[in-house]
There are 2 protein chains.
Amino acid sequence: MPATPRRTGRPPVTSRPQILAAARSLIDADGWEKLTVRRLAAELGIGPTTLYHHVRDKQDLLLQLLNEYAGRLPVPELPDEPRDRIVVAATAMHDALTGWPWAAEILATDGFVGLLGDPALHLVDTIVGAAVDAGRTRAQAVAVFRSIWYYTVGEILVRFRSVGPAAYRDIDFTAFDPTRLPHLAAIGDQWPALATTDTYPAGLRALVDGLLDD
Amino acid sequence: MPATPRRTGRPPVTSRPQILAAARSLIDADGWEKLTVRRLAAELGIGPTTLYHHVRDKQDLLLQLLNEYAGRLPVPELPDEPRDRIVVAATAMHDALTGWPWAAEILATDGFVGLLGDPALHLVDTIVGAAVDAGRTRAQAVAVFRSIWYYTVGEILVRFRSVGPAAYRDIDFTAFDPTRLPHLAAIGDQWPALATTDTYPAGLRALVDGLLDD
DNA sequence: ACCTGAACACCGTTCAAGT
DNA sequence: ACCTGAACACCGTTCAAGT
């Protein structure tokens with residue numbers, strides 16, 4: 001009568017935690033684009049096909065990675081005032097995505113809320129609850145969350161997938177036709193500086209104010 | 001003394017307009033994901049490598065496609081009132097992206113404003129100009145545009161890349177822990193219905209109000 | 001039980017050679 | 001001046017066979 005179940009067959013060469021750790025270090029070292037099944041297997045010193053005994057497919061791997069990351073997130077201290085609570089919770093989401101922007105790729109891909117783990121859902125619940133406390137109906141509160149979510153994930157995606165110096169180099173910001181595009185022409189080569197300023201907090205505040213004011 | 005330059009060498013089997021038209025019909029028929037260099041070449045009855053004599057690379061092809069699409073957009077009638085003008089211009093952008101959601105993939109990838117053609121930039125200029133008319137500085141006006149852009153592109157990306165019925169099928173919305181996620185538990189299986197409601201116009205209005213109010 | 005190599009059905013892109 | 005096939009360096013995934 002063995003206390004632990006007898007192991008049979010060939011011993012495993014890797015494990016789920018090992019795979020997730022390797023994936024994380026691969027992303028952190030070489031970037032999100034370089035995380036492929038084949039490279040990950042090579043990193044682990046195993047054949048690509050072996051990975052499929054531990055994860056269903058690549059999408060499943062990414063979700064496990066995401067939920068593990070969410071579990072490590074610090075839980076922010078939440079103010080009592082509903083409006084401030086929304087801003088703090090949304091900012092915590094934004095900070096989490098800034099730290100791992102590739103997560104936004106997954107979250108804007110696949111039915112966002114239902115795929116998140118408990119810790120990340122806690123922030124969703126916080127925002128919905130705070131909107132209810134601010135006098136919204138539950139349906140309105142979900143709409144509040146969704147608007148904030150679109151703004152947040154959009155900011156992350158645009159900020160991290162774009163406007164490398166290379167993309168801007170081709171563009172002559174002083175060449176806008178002043179009769180057709182007067183304001184862009186007036187801004188001219190100040191655009192790149194203005195477009196890289198961090199305006200997330202101000203925009204978030206404005207959005208929350210607009211959503212909660214009658 | 002020839003009036004037109006003499007043509008020499010092998011005659012072309014295709015042209016830029018033909019390539020763009022084929023790419024457009026391929027996207028419309030089979031979806032954005034199916035637009036590959038090789039499939040496009042097959043559609044045109046030419047070798048994949050021939051395409052590289054007409055476009056620099058795939059990215060270049062996509063940009064040409066995008067700018068051509070922007071050129072076909074209807075120009076909306078713009079109200080005098082600055083706040084309304086912003087809403088109308090942003091809605092026109094949103095409508096354009098709803099009609100061709102894959103465009104959002106490119107626009108959230110590569111330094112968005114500088115890559116757009118004149119017609120699409122006209123909407124950018126409109127929003128910046130209206131924000132100036134509403135009393136903002138030029139720097140603030142750019143921030144207004146950017147916030148609206150993040151919200152808009154985020155909505156499109158999330159809406160079109162997510163929550164197919166397949167994604168939701170795995171999720172039990174009645175299983176949220178009521179002590180840890182009280183509001184999500186209270187919403188329960190109403191979430192999918194609430195999450196597919198079109199809240200873009202209301203959220204946009206709220207955002208614009210928040211951005212323009214002092 | 002778990003691992004493996006070979007294979008399938010693809011990608012984008014380059015380049016020397018052909019017409 | 002333009003086209004072509006072959007080739008390079010990759011993808012994610014399946015599956016029969018091995019230990």
Side-chain angles (χ1 to χ4, degrees), chain A residues 2 4-23 26-27 29-66 102 105-106 109-110 161 164 166-167, chain B residues 2 4-23 26-27 29-66 102 105-106 109-110 161 164 166-167:
Chain A
T4 52
R6 205 108 54 91
R7 305 200 191 187
T8 61
R10 198 165 173 170
V13 292
T14 190
S15 63
R16 211 186 64 105
Q18 236 178 76
I19 289 169
L20 294 181
L26 224 164
I27 288 175
D30 299 340
W32 147 258
E33 309 76 18
K34 294 293 177 61
L35 177 65
T36 67
V37 173
R38 295 173 113 99
R39 282 174 72 102
L40 178 57
E43 184 89 356
L44 289 160
I46 62 176
T49 58
T50 305
L51 238 30
Y52 286 85
H53 289 275
H54 298 89
V55 295
R56 206 180 330 114
D57 51 24
K58 195 183 181 184
Q59 175 68 15
D60 180 50
L61 169 71
L62 296 177
L63 280 175
Q64 292 191 36
L65 213 48
L66 189 64
W102 63 267
E105 306 282 347
I106 301 169
T109 297
D110 242 317
R161 307 205 306 187
Chain B
T4 53
R6 205 108 54 90
R7 305 200 191 187
T8 61
R10 198 168 174 167
V13 293
T14 189
S15 63
R16 211 186 65 106
Q18 236 178 77
I19 290 169
L20 294 181
L26 224 164
I27 289 175
D30 299 339
W32 147 257
E33 308 77 18
K34 294 294 177 60
L35 178 64
T36 67
V37 173
R38 295 173 113 99
R39 282 174 71 102
L40 178 56
E43 184 87 356
L44 289 160
I46 62 177
T49 57
T50 305
L51 238 29
Y52 286 85
H53 289 275
H54 298 89
V55 297
R56 206 181 329 115
D57 51 23
K58 195 184 179 182
Q59 175 69 14
D60 180 48
L61 169 71
L62 296 176
L63 280 176
Q64 293 191 36
L65 212 48
L66 189 64
W102 64 267
E105 306 282 347
I106 301 169
T109 297
D110 243 319
R161 306 205 307 187

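Residue numbering restarts at 1 for every chain, and letters A, B, ... go by the order of the sequence lines.
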To the nearest 0.5 Å, tell me how far A/Glu105 CD sits from A/Leu62 CG.
-> 10.5 Å

Between B/His53 and B/Thr49, the two heavy atoms sitting closest are CD2-O, 4.0 Å

5'-most by nearest nucleotide on DNA chain D - B/Thr49 or B/Pro11 = B/Pro11

Identify the two heavy atoms, one from B/Gln18 and one from B/Leu44, that lie closest to each other, and give their separation to 0.1 Å.
-> O-CD2, 3.9 Å

Which residue, A/Leu51 or B/Lys34, contacts DNA chain C at a nucleotide closer to its 5' end, judged by nearest heavy atom?
-> A/Leu51

For A/Leu65 and A/Leu20, the nearest pair of non-hydrogen atoms, with its separation, is CD1-O, 3.5 Å

DNA chain C-proximal residues of residues 35-45 of chain B, any heavy atom under 4.0 Å = B/Thr36, B/Val37, B/Arg38, B/Arg39

First and last nucleotide of DNA chain D, 5' to 3', lying under 4.0 Å from heavy atoms of chain B | D/dA1 to D/dA7

Spacing of CD1 belonging to A/Ile19 relative to NE2 belonging to A/His54, to within rounding of 0.5 Å | 5.0 Å

At under 4.0 Å between heavy atoms, what does B/Thr14 touch on the DNA or RNA strands: base, sugar-phosphate, or nothing?
-> sugar-phosphate

Looking only at non-hydrogen atoms, find the nearest pair between A/Tyr52 and A/Asp57 and report the distance.
-> CE2-CA, 4.1 Å

When every non-hydrogen atom of B/Leu51 is compared with those of B/Val37, the smallest separation belongs to CD2-O, 3.4 Å

Closest contact, heavy atoms only, A/Ala23 versus A/Leu40 | N-CD1, 3.5 Å

Rounded to whole angstrom, note down the P distance from C/dC10 over to D/dA9.
-> 22 Å

Atom CG of B/Leu61 and atom CD1 of B/Ile106: how far apart are they, to the nearest 0.5 Å?
-> 8.5 Å

Stems where DNA chain D pairs, listed by first number, each of three or more Watson-Crick or G-U pairs under 3.5 Å | C:4-8 with D:12-16, C:12-16 with D:4-8

Pairwise distance CD(A/Glu43) to OG1(A/Thr14) - rounded to 0.5 angstrom = 11.5 Å

